[in-house]
Amino acid sequence: MAHSLNGKVALVTGGASGIGACTVRSLLEEGAKHVAVLDIEVEAGNVLQNELNTKYGENKVTFIECDVTNKETLVGAFNAVQEQNGYIDVVVNNAGILDDTPENFERTININLTSLIRSSLHSWKIMHKEKGGSGGTIINFSSVAGLLKFEAIPIYSATKTAVLKFSTCLGDETHYTRSGVRVLAMCFGVTDTPILENNTKLFDETAKINFKEFKLQRPESAGKAVTEAYKQGTSASVWLSNADEPALDVTKDHSKSMESALKVYLKMQQQKKKHQQQKQQQ
Ligand SMILES: NC(=O)C1=CN([C@@H]2O[C@H](COP(=O)(O)OP(=O)(O)OC[C@H]3O[C@@H](n4cnc5c(N)ncnc54)[C@H](O)[C@@H]3O)[C@@H](O)[C@H]2O)C=CC1
Ligand SMILES: CCCCC/C=C\C=C\C(=O)C/C=C\C/C=C\CCCC(=O)O
């Protein structure tokens, strides 16, 4: 059965830029009644809110300044959205960073995994049919780094693998039957967003990739894939959004994702090897 976004209230963490902002746009395109954007980037959040309220009508989007790692602020933001809209039907846990430096790896885990779990469990509590809720959907952002092996980013990859496992367990049919809470996982291939600018903060400097040489996925394709997965996905399903191709359900066959993703990443591996050889020759 296809699910509809018409009239739904959604909350997107880290929704002020990149894939999150494109997800906000796609949710509104699909008829969402209201979208709350939680982010630490106040200027970008306000600009997005104003732009989309002009386009779609007053009070369609609310920006809330929120660091997802702060428990009180996160729960406060959920409460504010519930008070304003009566309910939250869809939670998109998008906020994430890629910083595998030894100095900052704990923040990467905290944002990408701990806060995502906290947000999911809070959403679960609100939406759970046996706890007074009416069901809903949680969409958690993993990555091709949760499906394939990218040795240059071990910490980021660990968080994304854990997100994948957490989401497929929480969304399992045994839970879904009772909770009415669908949990989906999205795996994106490399997508052209500000996260690439932090490509300098790598675990291993020799792995530096020049992304300018590749045709990267457009963030709009990733945002569209999120709403496609929302419409079609069963609970605990895993979706791949790579190279601007339509969203692909890879729950049963992760090798499909390999097939699609490897075309791009084999080329990256070659570039990396060349870079390493050049360094050795210096
Ligand atoms: N761009 C890519 O190639 C891929 C991205 N992803 C995932 O998609 C998600 C979004 O990434 P992008 O849009 O690419 O990055 P981005 O850097 O454009 O967006 C991330 C957003 O999260 C916000 N954010 C960061 N820390 C936060 C915090 N503590 N509290 C609240 N908001 C916070 C940022 O301000 C920003 O608006 C991340 O989870 C990322 O891991 C997954 C696969 C590929
Ligand atoms: C090596 C750092 C890549 C930085 C790219 C920026 C963001 C990507 C976020 C993702 O979730 C995508 C996941 C993996 C990166 C894909 C390819 C990098 C290849 C790295 C390698 O082979 O060494």
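In listed order, ligands and their atoms are each counted from 1.
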How does [X] reach ligand 1, by side chain, by backbone, by both or by neither, if only non-hydrogen atoms under 4.0 Å count?
X    : answer
Q217 : neither
S142 : backbone
I111 : side chain
C66  : backbone
R107 : side chain

Short list, please: which atoms of ligand 1 are under 4.0 Å from a heavy atom of [X]?
X    : result
D67  : 28 (C), 29 (N), 30 (N)
E41  : 35 (O)
S143 : 42 (C), 43 (C)
F141 : 8 (O), 9 (C)
S17  : 16 (P), 18 (O), 19 (O), 36 (C), 37 (O)

Taking every non-hydrogen atom, the tightest pair across [X] and [Y]:
X    : Y    : value
A222 : Q217 : CB-NE2, 4.0 Å
M186 : S241 : CE-CB, 4.4 Å
L184 : T234 : CD2-O, 3.2 Å
A145 : T161 : O-OG1, 3.8 Å

For [atom], tell me which residue out of [options] has the closest non-hydrogen atom.
atom                    : options          : value
atom 20 (C) of ligand 1 : G96, P194, G18   : G96
atom 13 (C) of ligand 2 : C187, S143, G189 : S143
atom 25 (C) of ligand 1 : T193, I97, N242  : I97

Exercise. Yes or no on side-chain contact (heavy atoms from CB on, under 4.5 Å) for S120 and N140, after CA distance, side-chain angles and deciding distance?
Worked result: CA-CA 8 Å; S120 297; N140 288 335; 3.4 Å; yes
Problem set entry | Salt-bridge criterion met for K8 and E30 (N-O under 4.0 Å) |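 Not counted as a salt bridge, because no side-chain N and carboxylate O are separated by less than 4.0 Å.
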Problem set entry | Check ion pair K224-E228 (N to O, under 4.0 angstrom) | yes
Exercise. T137: what forms a side-chain hydrogen bond (donor to acceptor under 3.5 Å, both in side chains) with it, not counting sequence neighbours?
Worked result: R182
Exercise. Which of these passes salt bridge (charged side-chain N to carboxylate O under 4.0 Å, His left out) with R107: D67, D99, D100?
Worked result: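 Result for salt bridge (charged side-chain N to carboxylate O under 4.0 Å, His left out) with R107: D67.
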Need the ligand 2 atom indices (1-based, order shown) with element for anything under 4.0 Å from a heavy-atom of [X].
X    : answer
I195 : 7 (C)
L98  : 4 (C), 6 (C), 7 (C), 8 (C), 9 (C)
L196 : 5 (C), 6 (C), 7 (C)
A152 : 1 (C), 23 (O)

[X] side, atom [atom1]; [Y] side, atom [atom2] - distance, nearest 0.5 Å:
X    : Y    : atom1 : atom2 : answer
K125 : F78  : NZ    : CZ    : 10.5 Å
L38  : L74  : CG    : CG    : 7.0 Å
F166 : L121 : CZ    : CG    : 4.5 Å

Problem set entry | Qualifying salt bridge (Lys or Arg N to Asp or Glu O under 4.0 Å) pairs with a residue from residues 130-141, counting only residues at least two apart or across chains |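 Qualifying pairs: E130-R178.
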Problem set entry | G189 touching ligand 1 at heavy-atom level, < 4.0 angstrom |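 Within the 4.0 Å threshold, so yes.
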For this session: Return yes when T13 approaches ligand 1 closer than 4.0 angstrom through a heavy atom, no otherwise.
Result: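 No; T13 lies far enough from ligand 1 that no heavy-atom distance drops under 4.0 Å.
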For this session: Return a yes/no value for E151: is any of its N or O atoms, backbone included, closer than 3.5 angstrom to an N or O of ligand 2?
Result: no
For this session: Answer yes or no: is there a donor N or O on one side and an acceptor on the other, between the side chain of T168 and the main chain of K165, under 3.5 Å?
Result: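 Such a contact is found between T168 side chain and K165 backbone.
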Problem set entry | ligand 2 contact on T191 by region, counting heavy-atom pairs under 4.0 Å | neither
For this session: Quick one: look at F188 and ligand 2, take heavy-atom pairs under 4.0 Å, and tell me if it's side chain, backbone, both or neither.
Result: neither
Problem set entry | Contact check: I19 vs ligand 1, nitrogen or oxygen atoms, below 3.5 angstrom | yes
Exercise. Judging by distance only, is a nitrogen or oxygen of T69 under 3.5 angstrom from one on ligand 1?
Worked result: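 There is no such contact.
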